[in-house]
Amino acid sequence: MDLSDFELRIGRILVSRAERKGGGYITYPALATEVGWYNRTGQGLGRSLAAVLGFCNERGYPLLTSIVCATGTRAPSARGVAAMQTELGREVDIATEQARVFAFDWSFVEELSPGNIPKIDFGRLFAAAVISFEPEQSQFVALPSGAFGDLPIPERDVSVVFYSEYEQPHPETEFFGRVLGVARVSVVRDTEPLASGQSYRMRVKRAWRFDLPPITTSTLAESSSSERLHGGVVTQLTPGEAAGLAQYSLTEVPVLGGEEAIPPYSPPAPAVHTYMVVCNDTKVLRGTKADSGQLLVKVGVSNDRGRRLKEINGNHFAVIYGILFEEYADGTWPSQARSLEIEKLAHDWCRENGRHASGEYFYLRPDQLPRVGILVKTGRL
C-alpha cells in the first residue's frame, strides 16, 4: 500500500522519535501539533495512523504507531490498541512492539527517512500575498507599514505561507490564486521606512515550494471568506487551514545567502526489480508456524536487489532467530509500476496456493517454488 503525503509525514515524525537515543514516545496531542492537525487533541488522526500501521505491517516492519501514547502513559489509549488489533486481526503486545520499533534500523526505509520532514511550524502559520516566490533570488520579502494589522509582530522565527493574489486573473502566470510556498522567516523592522513606505522585512531562512501549488480558495477558505487575505496584509491561519496545507507535498529550495546549507536532493531510483528469496533451513522453520515440509518465501520489489537481500538477512529478528534467505529468482521491468504489478500477481498466487505468513512472507511447498519463480522472472505463470 502507498501512503499519502500527510501519512508519510506522520510516519517520518514517528521514525524521528524512534531513532532518539533510548527511544522516544510521542503523545497524540504532540503528534497533532507537529503535523498541524486541526484538532490539537489528536482526535481524527485515527485513519492516518491506521494507514501507517498497515504500511508497516504489510512490509514486515515494527509497528510504528505503537509509540503514539495517551498523555501521561507509555502506551496507546485503550481505543487505540483496540483499533490496531482490529486493523491487524490479531492481538498486539504493545511493549514488545515498542521495543522492536526502537531497536529497528529505520535508515533502510527510504520512504520514512526523517530527513524528509519539513522544519515548518504548522501550529503557528501566517500567510502573506506576493507577486512571486523566488527565495533563490532574494533573501528578504518587503512588507508595507501596518502589514500585521492587529497581530503582534512575531519576536521569533515563524512559518509564512506565500500565495499569489490578483484582482483580475494575471495573464503572465499559471499560479494565479495559488499558494506558492512556505518559508521559515524572522521579521526585521527597518530603522527608517523604505521609499516605498515599507517598514518591515521578512528575512527568509529556509524555504519550500509546493510540488503542486494548492488553490488558495480551497485551502485558505476560512481566511478568504472572512476577507482577511488581501495584498500586503499578514494574517494568521486557522488550525483547519494549516491542517489542509500540511497535507501537500513540499520540496526544499535554496535561499540566497542562506545560513543553512541544503543537501542536494537525489530522488531514489525506481524499484524496477522484482525478487524472490527463500529460507531453506527446515531446522529454523520448525520454530515457526510453517507446516511440515514448507519453506519460507518472500517476494518483493527493490531498486537494488543485492542491498535488499542484505537488509532482509540483517533484520534484527532474522539475526536473532538465525533466518537466512537465499536468492531464488529475479526480474527487471521497464517501470516501477510494472514491477509492482508483478509483485501483486505473485502475492495473490501465494495467498491462494500457499499460506500467508506475514507482510510479503509466505509458506510454500518446494514444488511450488518454480511457479512463483517463473512469475517473478517473466511476469507469466
Side-chain angles (χ1 to χ4, degrees), residues 1-4 7-8 11 51 54-61 88-89 105-113 266-286 288-315 317-319 321-381:
M1 64 181 296
D2 294 325
L3 296 178
S4 68
E7 292 158 357
L8 283 172
F55 173 88
C56 293
N57 182 63
E58 183 179 272
R59 287 161 174 75
Y61 302 146
L88 300 174
D105 186 354
W106 292 100
S107 64
F108 289 124
V109 186
E110 294 175 349
E111 302 99 321
L112 301 184
S113 170
S266 298
V272 297
H273 308 294
T274 49
Y275 65 86
M276 174 184 176
V277 294
V278 179
C279 175
N280 296 291
D281 192 335
T282 55
K283 182 179 179 180
V284 170
L285 292 175
R286 281 200 294 269
T288 71
K289 295 181 180 179
D291 293 333
S292 177
Q294 284 186 323
L295 304 179
L296 183 60
V297 175
K298 183 181 190 302
V299 177
V301 300
S302 176
N303 56 21
D304 186 330
R305 289 189 296 266
R307 188 205 65 200
R308 187 66 183 123
L309 181 60
K310 291 179 181 178
E311 292 172 0
I312 295 169
N313 285 330
N315 179 284
F317 281 85
V319 173
Y321 292 103
I323 300 174
L324 184 66
F325 285 90
E326 298 177 357
E327 287 188 47
Y328 186 89
D330 60 71
T332 300
W333 309 96
S335 68
Q336 179 170 299
R338 179 56 177 162
S339 67
L340 290 170
E341 182 182 346
I342 301 303
E343 177 194 49
K344 184 179 185 304
L345 289 173
H347 288 174
D348 290 345
W349 192 93
C350 290
R351 283 193 181 90
E352 293 174 6
N353 299 277
R355 191 154 64 86
H356 185 223
S358 177
E360 298 177 337
Y361 295 83
F362 300 87
Y363 295 120
L364 297 176
R365 299 189 312 272
D367 63 289
Q368 294 176 311
L369 301 186
R371 296 288 299 278
V372 184
I374 290 173
L375 178 56
V376 168
K377 188 174 183 177
T378 69
R380 302 184 300 273
L381 286 172

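Only this structure's heavy atoms are used, side chains among them; waters, hydrogens and symmetry mates stay out.
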Report yes if some heavy atom in the side chain of Tyr321 is under 4.5 Å from a heavy atom in the side chain of Thr288; otherwise report no.
no
Under a 4.5 Å cut-off applied to non-hydrogen side-chain atoms, are Val299 and Trp349 in contact?
no
Show the nearest heavy-atom pair for residues Thr332 and Arg305, with the distance to one decimal.
OG1-NH1, 3.2 Å
What is the minimum heavy-atom distance between Arg338 and Pro334, and which atoms define it?
CG-CD, 4.4 Å
Indicate yes or no for a side-chain donor-acceptor contact from Glu326 to the backbone of Val278 under 3.5 Å, with no hydrogens or angles considered.
no
Where Leu296 and Ala357 come nearest, the two heavy atoms and their spacing
CD1-CB, 4.1 Å
Within the distance-only criterion (no hydrogens, no angle test), does the side chain of Ser339 pair as donor or acceptor with the backbone N or O of Ala271 below 3.5 angstrom?
yes
With a 3.5 Å distance limit and no angle check, can you tell me whether Ser358 reaches the backbone of Tyr361 through a side-chain donor-acceptor pair?
no
Sequence-distant partners of Tyr363, ring pair (Phe, Tyr, Trp, His ring centres under 6.0 Å), two or more places apart:
none
Ion pair present between Arg308 and Asp304, side-chain N to carboxylate O less than 4.0 angstrom?
no
Contact between Leu8 and Leu112 at the side-chain level, heavy atoms closer than 4.5 Å - yes or no?
yes
Is the shortest side-chain heavy-atom distance between Phe55 and Glu111 below 4.5 Å?
yes
Set of residues satisfying side-chain contact (heavy atoms from CB on, under 4.5 Å) with respect to Glu327, sequence neighbours excluded
Leu309, Asp330
Who are the ring pair (Phe, Tyr, Trp, His ring centres under 6.0 Å) partners of Tyr328, not counting sequence neighbours?
none
Find the distance between CD (Glu343) and CE (Met276) and round it off to the nearest 0.5 Å.
13.5 Å
Could you tell me which non-hydrogen atom of Ile323 sits nearest to which non-hydrogen atom of Val284, and how far apart they are?
CG1-CG1, 3.7 Å
Residues 366-381 side chain polar contacts: donor-acceptor under 3.5 Å, at least two apart:
unit_1 : atom_1 : unit_2 : atom_2 : d
Asp367 : OD1    : Arg365 : NE     : 3.0
Asp367 : OD2    : Arg365 : NH2    : 3.1
Gln368 : OE1    : Arg365 : N      : 2.9
Gln368 : NE2    : Asn353 : O      : 2.8
Thr378 : OG1    : Ile374 : O      : 2.7
Thr378 : OG1    : Arg380 : N      : 3.2
Thr378 : OG1    : Arg380 : O      : 3.2

Closest non-hydrogen atom pair between Arg307 and Ser302, with its separation:
NH2-OG, 4.3 Å
Residues passing the ring pair (Phe, Tyr, Trp, His ring centres under 6.0 Å) test with His347, sequence neighbours excluded, are Phe362
Nearest-0.5 Å distance, CG of residue Leu324 to CD1 of residue Ile312
11.0 Å
If the condition is salt bridge (charged side-chain N to carboxylate O under 4.0 Å, His left out), which residues does Lys289 pass it with, not counting sequence neighbours?
none
Within this structure, what is the CG-CG distance for the pair Asn57 and Leu88, rounded to the nearest 0.5 Å?
4.5 Å
